[in-house]
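Since the structure comes first, as structure tokens, the remarks are kept for the end.
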Amino acid sequence: MNLETLNKEQKEAVMTTDGALLILAGAGSGKTRVLTTRIAYLIEEKQVSPHNILAITFTNKAAREMKERVSNLIGSMAQSIQISTFHAFGLKIVRENYDILGYDKNFVILDSEDSLTVIKRIMKEMNLDPKAYHPNAIKNKISSSKNELISPERYEQFAAGDFEKVVLEVYRRYQKTLKHNNSLDFDDLLVLPIELFRKHKDVLEHYQDHYQYVLIDEYQDTNEAQYILSKMISSKYKNICVVGDPDQSIYSWRGANYRNILNFETDYKNAKTILLEQNYRSTKTILDAANSVIKNNQGRKEKNLWSSKGEGDKISYYRAYDERDEAFYIIREIKQLLKKGVKEQDIAVLYRTNAQSHIFEEEFLKANLPFKIVGSIGFYSRKEIKDLMAYLRLIHNPKDNVSLMRIINVPKRGIGLKSIQNLIEKADRENISMYEAIDGGKEQSFKNVIEDLKKVSENVTLTELVDKILDSTGYKQELESEKSLEADIRLENLEEFKSITRAFEEAYGVISLEDFLLETSLVSDVEEYNNDPNRISLMTIHSVKGLEFDYVFVTGLEEGIFPHFNSLMDSGGLEEERRLCYVAITRAREKLYLLNARKRMLFGKDQVNPGSRFLSEIDTSLLDINTKEEPEAKIDKKDVLHDQDMNYEVGEYVYHDIFGMGRVVEIKGDLMSIAFKIGIKKLMKNHKSIHKVEE
DNA sequence: GAGTTATGTTTTTTT
DNA sequence: AACATAACTC
């Protein structure tokens, strides 16, 4: 096997196959290459059976890519390696042990939207005011408890406050409801395997013997449950290799604890650590910018990431007038790049929040630029697709009350809240599912339709079943008669859904409803089934982790957007935003563009945001600043701290700590319009202050 | 029970 | 601005 193209550290990381190994891999240091080569090395040089290897990634996309790359190295043997996300791996274990865990074989998986629905319903049942107790907050609390392996029983021991007491009771009922519906949520996919392993040592040992070599990618983003799970699986053979970069830990809100990676050496005795510090991806300029940003984080392990590439272009910074101008600028730049022969797939536009994608979508469409939105509102979370999935799930698992309630009156069957309430009560009283509780009334005809479909499902392919559902429920007909653009899009999406089921059928031969439902339950994106490569990628920074592009536009670099408002309060949050910024910058190979807007529509209102503090952390010598000469910002006198002297006059020069030097061009009551020159040079602590200057 | 209007809320990020 | 929920008619 040829390892000559690897550098010394990479080679060592590949060849250190036994024992605990920590690979601290800086951004762009060839981490995936090392991982895939290592897997190939295990199989080809160390004669490890592909069946005995478990490789865990963080996203489906990463898993797919790793599989493909290993496949390129060793061919079809790659198919036998368990390469998946933690959640998919957990699902596999649950599927193989559902009976011990006390579930029926036909369990279904709820996505977060479904979970929220369940929680809302429980809260209603408990007469809780959703304004006093935010359903989402409760859901997050329950989810993080589960990820920290805190059961309701344990939660009870420290639930002291009012809110916590509420959470406790909702948590209890939520767990009961899920079990009763024969359904699991995402978190259960981690919690249940651990429970299983704790109670059944023999089962654990079976999996330990099965997965003798364990590799975990993005280890800095593991949460407690994932940490425990990895530890359990690998504790017999102790061949665990983890890869990560503490500076790229961006999932603390999901319970990720980057101490897991910092503690690895004390945690696993005799662990070996290898540092990958040579960056093969980015130009020196880009790397300098990334380093100068991340070094502002306290208490991090200093590392010495260096690039073998040349200086490259300067980083373009553009401060746009508003979010539309920001989009225009990007479009102009992209058109020039395309003219120069750059391929669409080598360009990415990144943003902090999904909400920002709207304007890009709109303007890219108008400008005729081919793009794809990666992640975001996934295909499977569209209403019509969720409806259809609910039909499929109910057919598969009649205990699934969540799905039943979703579709019992879709399309309209004249079944209202009252009837549903009756069903809930009856089901509760007799301890049966709502579906079973249906006996007569308008609901009966719904039940008949489902019963009929259930029979049909035994004899037809999945795609035919979908057709039959859309037909016999009247779903398709309702949309067709609507004759609106929206309905047409929904119909198109349903057609698209059928092309997915067809693709599944081609790939697997005949696919059962069960396999299909579980296969798709962890995927939010349809991406993998129709990925037209010739497109510009638009995505959040979270989704871009692990990817790289020649040309990267990082947008919305404004205080409040990036770093996000919700993180401004605590230093931990801010540091995570900074790591996010580090991730964004290090995605770029050739050229980086940084953008922000002076004015941006937020919650329906215009807001003026100062430039992001992260910008000021980059040395201006790395930047090529392009800002319109006469940008105007409206400043509300009431909103700024300023000199005692309130009497500003048109034509006066002022200094704003964010926007820098400017000239007052108009005063209307408390609103002052100020034309600023370029304003990113000096960002100061006190963000909201202006004062007069002599000129 | 369904449809319309008024009111309030949301947006951080994902499996 | 877009969306969800609540309140209000028919």
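The sequence lines fix the lettering, A, B, ..., with proteins before strands; numbering per chain opens at 1.
Note on A/Phe86: nothing from the nucleic acid sits closer than 4.0 angstrom, heavy atoms only. As judged by a 4.0 angstrom heavy-atom cut-off over every strand, A/Phe562 is placed among residues making no nucleic acid contact. Using a 4.0 Å heavy-atom cutoff across all strands shown, A/Ser112 reaches at least one base atom of the nucleic acid.
For the pair A/Asn354 and B/dT14, the criterion of a side-chain N or O lying under 4.0 Å from OP1 or OP2 is met. The shortest distance between the side-chain N/O atoms of A/Ser543 and the OP1/OP2 oxygens of B/dT14 is below 4.0 Å. Considering only side-chain N and O atoms, A/Thr540 lies under 4.0 angstrom from the phosphate OP1 or OP2 of B/dT14.
The ring pair (Phe, Tyr, Trp, His ring centres under 6.0 Å) check on A/Phe107 picks up nothing, with sequence neighbours excluded. With sequence neighbours excluded, the residues that form a ring pair (Phe, Tyr, Trp, His ring centres under 6.0 Å) with A/Phe58 are A/Tyr251.
Taking atom NZ of A/Lys139 as the reference point, atom C1' of B/dT15 lies 11 Å away to the nearest angstrom. Separating the CD1 atom of A/Ile109 from the C1' atom of B/dT14 is a distance of 15 Å, rounded to the nearest angstrom. If you take CG of A/Asn60 and P of B/dT15, they are 6 Å apart, rounded to a whole angstrom. Between A/Asn136 atom CG and B/dT14 atom P the separation is 14 Å, expressed in whole Å. Atom CD in A/Glu576 sits about 13 Å away from atom C1' in B/dT14, given to the nearest Å. When the C1' atom of B/dT11 is taken as reference, atom CE of A/Met601 falls 15 Å away, rounded to whole Å. Straight-line distance from the CG atom of A/Leu580 to the C1' atom of B/dT14: 13 Å, rounded to whole Å. When rounded to the nearest whole Å, the span between CD1 of A/Ile56 and P of B/dT15 equals 15 Å.
Residue pairs satisfying the salt bridge (Lys or Arg N to Asp or Glu O under 4.0 Å) criterion with at least one member in residues 560-582 of chain A, sequence neighbours excluded, are listed as follows: A/Arg352-A/Glu577, A/Glu576-A/Arg579, A/Arg578-A/Glu617.
Between the side-chain ring of A/Tyr251 and the base of B/dT13, no stacking contact exists by the 5.5 Å and 30° definition.
In this structure a side-chain-to-backbone donor-acceptor pair under 3.5 Å is present from A/Ser567 to A/His564. Under a 3.5 Å cut-off, the side chain of A/Ser230 and the backbone N or O of A/Gln226 do form a donor-acceptor pair. Between the side chain of A/Asn147 and the main chain of A/Ser143, a donor-acceptor pair closer than 3.5 Å is present. At distances below 3.5 Å, not a single donor-acceptor pair connects side-chain atoms of A/Lys599 with backbone N or O atoms of A/Gln607.
Ranking B/dT11, B/dT14, C/dA1 by closeness to the A/Ala355 side chain, first place goes to B/dT11.
Taking 4.0 Å as the cut-off between side-chain N and carboxylate O, A/Glu113 and A/Lys386 count as a salt-bridged pair.
Ring geometry for A/His87 versus A/Phe186: interplanar angle over 60°, hence perpendicular rather than tilted (30 to 60°).
With contacts defined as side-chain heavy-atom distances shorter than 4.5 Å, the pair A/Tyr475/A/Leu388 does not qualify.
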Any chance you could list the contact pattern along nucleotides 1-6 of chain B? Use B for base contacts, S for sugar-phosphate-only contacts and - for none, protein heavy atoms under 4.0 Å, 5' to 3'. SSS---
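In this structure, A/Lys141 is not positioned above the aromatic face of A/Tyr171 in the sense of NZ or CZ being under 6.0 Å from the six-membered ring centre and within 45° of the axis.
Remark: the A/Asn182 side chain and the A/Asn106 side chain contain an N/O donor-acceptor pair separated by less than 3.5 Å.
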Show me the protein contacts with nucleotides 8-10 of chain C, counting only N or O atoms at under 3.5 Å.
none

Show me the protein contacts with nucleotides 4-7 of chain C, counting only N or O atoms at under 3.5 Å.
from: C/dT5; atom 1: OP1; to: A/Lys120; atom 2: NZ; distance (Å): 3.0

